[in-house]
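Structure first, commentary second.
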Amino acid sequence: MNALVALCHFCELHGPRTLFCTEALHPPSPSPSSLAGVEVPGDRDVDRDGEGLTMRANSSATQRGEMCEGCRSLPASHPGFMSIDDETGIRFVSHQHPREPQLFSIVRQACVRSLSCEVCPGREGPIFFGDEQHGFVFSHTFFIKDSLARGFQRWYSILMVAMDRIYLINSWPFLLRHLRLTIQSLQSTALKVFDNEQGVCPQRAVRMNSVFSPAVFPHQRSGNAARSLTSLTQHPNLWASLHSSFSWLLKACGSRLTEKLLEGAPTEDTLVLHLICFLQEQEEELSCWEGAEGGISKPQGHQLDSEVDHDDESPGPKFRSLRHLRQALGAADFRQVAWHVLMGNQVIWRGADPSLIQSAFTVLKALLPVGCVRSIPYSAHYEEAYKCNFLGLSPDVAIPAHVISSEFSVLVDVSSETGCPSPPTEDNICSLYQFNMSSANTQPTDRGPTLLNKLEVALSNENLSVDVVSHCLLCLKEEWMNKVKVLFKFSKVDGRGREDTQKVLALLGTTGPGEEDNVRLLKFWMTGLSKTYKSHLMSAVRGGDRSPSQ
């Protein structure tokens with residue numbers, strides 16, 4: 001945090017003055033290790049160590065003008081203090097005034113405002129003021145007891161000046177708590193000195209018995225104004241102690257709040273993937289336990305979808321993207337296959353190359369939420385649609401007649417082209433394989449769903465890269481998953497009727513051309529909602545009082 005801490009005093013002769021100032025000097029600067037091996041002329045060790053800070057006296061003295069003892073903190077021969085944070089290399093330097101003229105002007109203006117313009121009820125306490133040009137200031141004003149001062153007290157303030165308003169406001173409780181500790185320590189020390197002096201010579205009785213004279217008043221005022229804070233507290237190491245306290249405050253205030261990138265709530269795909277990983281860990285633990293107890297291995301079933309990840313290192317051509325698959329199948333056949341995928345129908349690929357089929361499934365699965373994907377990448381026999389919506393088969397597997405005649409499935413037969421002299425690469429995949437698509441579906445797929453129409457516009461635009469198309473698909477999926485959540489909450493949780501549901505569909509923008517396909521997509525994607533989200537909605541409904549009209 002780029003900030004500065006200063007102790008200020010209202011002098012009866014010279015007005016608001018800065019007594020002590022601690023600032024942080026950030027790298028690039030000589031590291032602590034390099035500074036440790038270099039002797040700076042005039043450096044001398046100070047017998048005080050802060051937490052994580054090594055204290056040294058600074059070699060350059062601050063330029064000072066004419067001032068009384070009450071306006072002066074360090075003696076004219078004192079070079080100031082410097083502490084080095086061994087972890088970060090930040091140097092904390094303390095002088096009576098900041099070194100840079102711009103900072104001097106900012107601190108000077110903050111000092112004047114804290115002790116004259118900006119006040120709080122009772123005159124003691126924290127205040128906040130500032131602007132973008134001169135910085136923002138957290139100021140805590142307080143009184144120190146002085147038996148020789150008018151009213152038996154002198155007015156001080158501790159400032160923290162920073163350009164970041166939000167950071168300073170967020171640090172308000174932290175600053176207030178720790179500055180009050182420093183202030184209470186100063187006040188209690190000065191109070192003991194005040195009580196001792198009053199015990200020796202009560203000043204109230206002396207003043208009441210003295211004769212007021214205009215000739216004596218300037219001399220009395222001048223004498224009262226020349227008392228320093230060191231004299232008021234009788235603390236021989238006061239400025240070293242304040243340097244240690246201010247340095248720690250700057251270090252702690254800079255490290256207690258950090259900036260983080262907030263990515264928002266987790267998506268449905270993230271929640272489902274976490275659930276899949278959790279189930280996989282449970283299955284692995286169960287397998288290890290069964291194997292250790294009775295030597296029984298876990299029966300080999302179908303793999304979870306997250307375990308099915310095509311191997312990029314395996315030889316042979318593969319589909320790399322939706323655009324690549326669309327080029328291989330052709331625009332019409334690709335739309336037909338993509339339509340079946342989005343509607344939740346069973347997509348069957350049959351061929352002799354498992355890696356090619358697996359890569360096709362990997363590309364097509366990007367069209368669906370993770371919770372809607374049930375995949376068997378390659379099997380020696382047919383599996384029913386309730387088990388998987390992506391099924392890869394070897395070329396000799398026979399498909400039942402009821403599946404061939406069903407409008408809820410699509411078959412892509414992959415046959416090898418003979419006589420192709422070129423080596424199998426990704427670019428000549430169309431010359432290596434022939435793709436024959438068949439489906440009993442009679443519904444037109446050219447009108448919807450809306451998601452597929454928008455995706456095809458992006459795929460057909462050659463000016464858009466593959467990465468841009470992927471991000472476009474991701475945004476479309478998130479948009480439609482939000483519509484699915486609204487529909488689920490409205491129809492399943494709230495139990496609304498058909499007429500009300502139709503009004504919600506119109507508000508969601510799913511009516512019009514391709515309305516039937518849009519509704520089918522929403523209902524299918526509703527099955528992929530995570531159990532976490534569904535249970536959250538159900539518990540919210542059970543926990544709240546909902547009238548029938550709601």
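The basis for the numbers below is simple: all heavy atoms, side chains too, and nothing from hydrogens, waters or symmetry mates. Everything numeric here is computed off the predicted structure, so don't read it as measured data.
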Only counting residues at least two apart or in another chain, list the ones meeting side chain to side chain donor-acceptor pair (under 3.5 Å) with [X].
X	value
Gln187	Glu124
His471	none
Thr141	none
Thr450	Asn518

- request: Answer yes if the side chains of Thr189 and Thr233 hold a donor-acceptor pair under 3.5 Å, and no otherwise.
  value: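 No.
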List for me each residue that meets salt bridge (Lys or Arg N to Asp or Glu O under 4.0 Å) alongside [X], sequence neighbours excluded, and say none if there are none.
X	result
Lys483	Glu479
Glu456	Arg326, Arg335
Arg113	Glu118

So, using ring-ring contact (aromatic ring centres under 6.0 Å, His included) as the criterion, who are the partners of [X] when residues are at least two apart?
X	value
Phe129	none
Trp480	none
Phe246	none

query: In chain order, what residues pass the side chain to side chain contact (heavy atoms under 4.5 Å, CB included) check against Asn461, with sequence neighbours excluded?
result: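 Side chain to side chain contact (heavy atoms under 4.5 Å, CB included) list for Asn461, sorted by chain: Asn463, Leu464.
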task: Determine which pairs satisfy side-chain hydrogen bond (donor to acceptor under 3.5 Å, both in side chains) with at least one residue from residues 175-186, sequence neighbours left out, and list them in order.
output: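 Qualifying pairs, neighbours excluded: Thr182-Ser245.
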